[in-house]
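These notes concern the structure reproduced below.
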Amino acid sequence: MTVRKILRVFLTLTAICYLGHNGSAQTVPGRPASIGILGDTADVVTPVKAGVVLIGGGGNVNSAFRWMIDRSGGGDVVVLTASGNGDYNAEIQALGKVNSVETLNITSRELADNDTVARIIRNAEMLFIAGGDQSRYMNNWRGTKTNAAINYLLREKKVPVGGTSAGCAILSGMYYSGEGSSAVSGVVLSNPYDTTVKLYNNDFLKAPYLQQVISDQHYLKRGREGRHVTFMSRIIRDWRLYPRGIAPDEKTAVAIDEHGMAKVFGVSKACFIFTDKGAGPEQCMAGKPLEWNRRGHALRVYEIAGSDEGNGSFSVADFSPAKASGGNWYWWWVENGQLKKQASDHLIK
């Protein structure tokens, strides 16, 4: 065995020893922010295909991870977190052949601006952003070398990038930060300017096809449809922009390929929400309930149920209703702070 191979094995075993159980972790020597590596520590270069995966939290969607691994060409996988969760290394390695899986616990702007941390991210053939608190990601990563490295993977190297829960939230161009406390549908529908509603516009990550999108997660499980609609009403009222919505439920993933076509993996559903220019909310103001009626036709919604193989088809690239298949259409609207839904038995153009 050559000296280089011996050193490689030593570094790999050292990294594994530093990976704790149940989220406990210590930094791997010589690799700032790293809390564990499985596999070969030497960088490899493999052929990749772009893709973005939005997961709604509440548990892994193994089929969506396999979709990303396949697009990675079996290269190096990097997981980003700010909460010390190192469990993804073994979970991802068990789902497909990859050269390595490494988790970086980036908990400060100093770490996020570290050259070695940025280099590890840039060398990845697949990136996954774990759940937690998206305001930590925003406050610690935005405007740093880590931010630039993630955007390099998304826009230039074009590797598969996914995120769950908080990691999903920051992948859309427009995003809800979750600062302070979590927005609750009933509260913000009654007052769209409640202090929990904090929104940002394309100042962080630059995922393809998602600049006009605001996402939400844990969607049906936690009844977040109302707050998501409220976020969109605020974007229209405050920024004069008409956003699109993508919202996977728990244990459900929206996988978007390099052409902007999406399918849904998992056990629940994902919603794709349309707003129409000139048909914004009739009332969106501080201290008063949201009114977004438009005679029951305020928002067009396409809902796709997930499957292990990936179900349905939806064009995230242009939100063309004619390209949607495998799901069901709904009208959503808001009357006096109450969200209403009605199924439609035909294509809503």
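- Of the charged side-chain nitrogens involved, none lies within less than 4.0 Å of a carboxylate oxygen, so that Glu125 and Arg71 do not count as a salt-bridged pair.
- A distance-only check finds no donor-acceptor pair linking the side chain of Asn311 to the backbone of Gly266 [under 3.5 Å].
- Atom CZ in Arg122 sits 11.0 Å away from atom CD1 in Ile150 (nearest 0.5 Å).
- Side chain of Asp76 to backbone of Val44: a donor-acceptor contact under 3.5 angstrom is found.
- To the nearest 0.5 Å, atom CZ of residue Arg244 and atom OG1 of residue Thr275 are 8.5 Å apart.
- Side chain of Thr164 to main chain of Gly57: a donor-acceptor pair is present (N/O by atom type, distance under 3.5 Å, no hydrogens or angles).
- In this structure, Phe319 has its ring center under 6.0 Å from that of Phe314.
- One N or O on the side chain of Arg237 and one on the backbone of Pro281 form a donor-acceptor pair closer than 3.5 Å.
- In this model, no donor atom of one side chain and acceptor atom of the other lie less than 3.5 Å apart for Thr107 and Asn105.
- For the side chain to side chain contact (heavy atoms under 4.5 Å, CB included) with Asp216, the qualifying choice from Arg222, Met232, Arg224, Glu225 is Arg224, the only one to do so.
- If you take CG on Leu290 and OG1 on Thr230, they are separated by 5.5 Å, rounding to the nearest 0.5 Å.
- Atom CG of Asn89 sits about 8.0 Å away from atom OG of Ser34, to the nearest 0.5 Å.
- Glu303 and Lys269 are joined by a salt bridge, as a carboxylate oxygen and a charged side-chain nitrogen come within less than 4.0 angstrom of each other.
- Taking the six-membered ring for Trp and the full ring otherwise, Phe272 and Trp329 have centroids separated by 6.0 Å or more.
- Tyr137 does not carry Arg142 over the face of its six-membered ring by the limits of under 6.0 Å from the centre and within 45° of the normal.
- Checked by atom type, the side-chain pair Thr196/Asp194 shows a donor-acceptor distance below 3.5 Å.
- Taking a cutoff of 4.0 Å between a charged side-chain nitrogen and a carboxylate oxygen, Glu309 and Lys263 do not qualify as a salt bridge.
- Residues Thr252 and Glu250 bring no donor and acceptor atom of their side chains to less than 3.5 Å of each other.
- A distance-only check finds no donor-acceptor pair linking the side chain of Lys157 to the backbone of Val48 [under 3.5 Å].
- A distance of 8.5 Å separates CD1 in Ile246 from SG in Cys168, rounded to the nearest 0.5 Å.
- Taking OH of Tyr219 as the reference point, atom CG of Asp249 lies at 10.0 Å (rounded to 0.5 Å).
- No donor-acceptor pair closer than 3.5 Å links the side chain of Gln283 to the backbone N or O of Lys288.
- Proximity of His259 to Pro208: side-chain heavy atoms (C-beta onward) are nowhere separated by under 4.5 Å.
- In the hydrophobic clustering of ILVMFWY residues, with side-chain heavy atoms under 4.5 Å counting as a link, Leu210 and Trp141 come out together.
- Panel note: side chain Asn123, backbone Asp43; no donor-acceptor pair is recorded below 3.5 Å.
- Counting heavy atoms from C-beta outward, Leu104 and Thr81 have side chains that stay 4.5 Å or more apart.
- The existence of a salt bridge linking Lys49 and Asp257 is excluded, since no basic side-chain nitrogen approaches an acidic carboxylate oxygen closer than 4.0 Å.
- Evaluated for a side-chain hydrogen bond (donor to acceptor under 3.5 Å, both in side chains) with Tyr175, the options Asn201, Asn202, Asp203 yield exactly one hit, Asp203.
- Under the 30°/60° scheme for interplanar angles, the aromatic rings of Phe231 and Tyr176 are found to lie parallel.
- A side-chain donor-acceptor contact under 3.5 Å links His228 to the backbone of Ile214.
- You'll find the side chain of Ile235 reaches within 4.5 Å of the side chain of Leu199, heavy atoms only.
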